[in-house]
Each structure stands twice: as structure tokens, then as C-alpha cells.
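Following: one structure in C-alpha cells, then a few remarks.
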Amino acid sequence: MSTSKTPAFVRLRVEMVLEISDVDALTGTALESIAADFTASGASADDSTEERTHAEETVREDAAEALASLLDPFDLVSEVPGVELAQASWSSETIDYDPDAEDWAADEDEAADEDGDVGEVYDGIEDNETDDEEGGGHTER
């Protein structure tokens, strides 16, 4: 068995549904993180103030944005040996969620969407093999 020196790239798809039980705590933590980021960045005062104000308004208006501002895919893989993050993107959006609804339970390994496309379904979350991102914050590293 031989090992190749050519890097192998793997796309890891993770989708989660999180319940926000304390919007104030989430927003407060996001605002603290923004303050720390802008204090440490050392950007010019004019640029920094405008960007910081925009970031703060965004997380105050939308809990999904506050959550997205606190999560970093790099943190998920930074401690994994032999792995280097090449690119990451993520988004968040507020959704209607009913864990008891039929739509959220996968009875089969594959299901067709409204267009007839077949993709894998896990606990009501469909993977239709697209790279479309919808919803809130979207960041690439």
C-alpha cells in the first residue's frame, strides 16, 4: 500500500438546527466578541467605527446573525491532526421547526424534493448536492 503526497480535499457538510433559549445572552456574547475583535484589529478609527456599528446592528436585529458571528468552522478542525482548512463558508437563518412534524423525520435514505431531484435526507434536512447558501451571515475563509 502506497501513500500519495498529493493532498486530498474533502467537503464536509454539517447542518444543525439549534434552539436559541436566551436571545439576550446570545446577543450580548456576540456584541462582546465584536468589541474584542475590533479592539484587537487595530484598524483605522473611521473604518473600524463604521464596520463595528454595522456588525453590532446586524447581531442586535437577528439572533441567527449573532450565532453566525460567534461560530467559526476553523475551530471545528483546528485540533484535528493532518488536516488544514482550505476554505469554509457557513450561513444561518431563522426557520420554523417542529420536531414532531412529518417533514422533519426521514423515513427513507433518499427522498425527492418538489422538483423531483433526489438527495439524501437526514432528520428532515435535505442534501441536494448544491452549493446554494441561503439565509443570514455568509463568510468564507
If you round to the nearest 0.5 Å, how far is [atom2] of [Y] from [atom1] of [X]?
X     : Y     : atom1 : atom2 : result
Ile34 : Thr58 : CD1   : OG1   : 7.5 Å
Thr94 : Ile20 : OG1   : CD1   : 6.5 Å
Leu31 : Arg52 : CG    : CZ    : 9.0 Å

Just to verify, what does [X] make a side chain to side chain contact (heavy atoms under 4.5 Å, CB included) with, not counting sequence neighbours?
X     : value
Asp24 : Asp22
Glu61 : Glu57
Ser78 : Phe74

Of all heavy-atom pairs between [X] and [Y], which one has the smallest distance, and what is that distance?
X     : Y     : value
Trp90 : Ala68 : NE1-O, 3.2 Å
Ser92 : Ala64 : OG-O, 2.5 Å
Leu26 : Ala66 : CG-CB, 4.0 Å

Transitive ILVMFWY side-chain link Leu71 to Val23, under 4.5 Å: yes
Cluster overlap Val14 with Leu67, hydrophobic side-chain contacts below 4.5 Å: yes
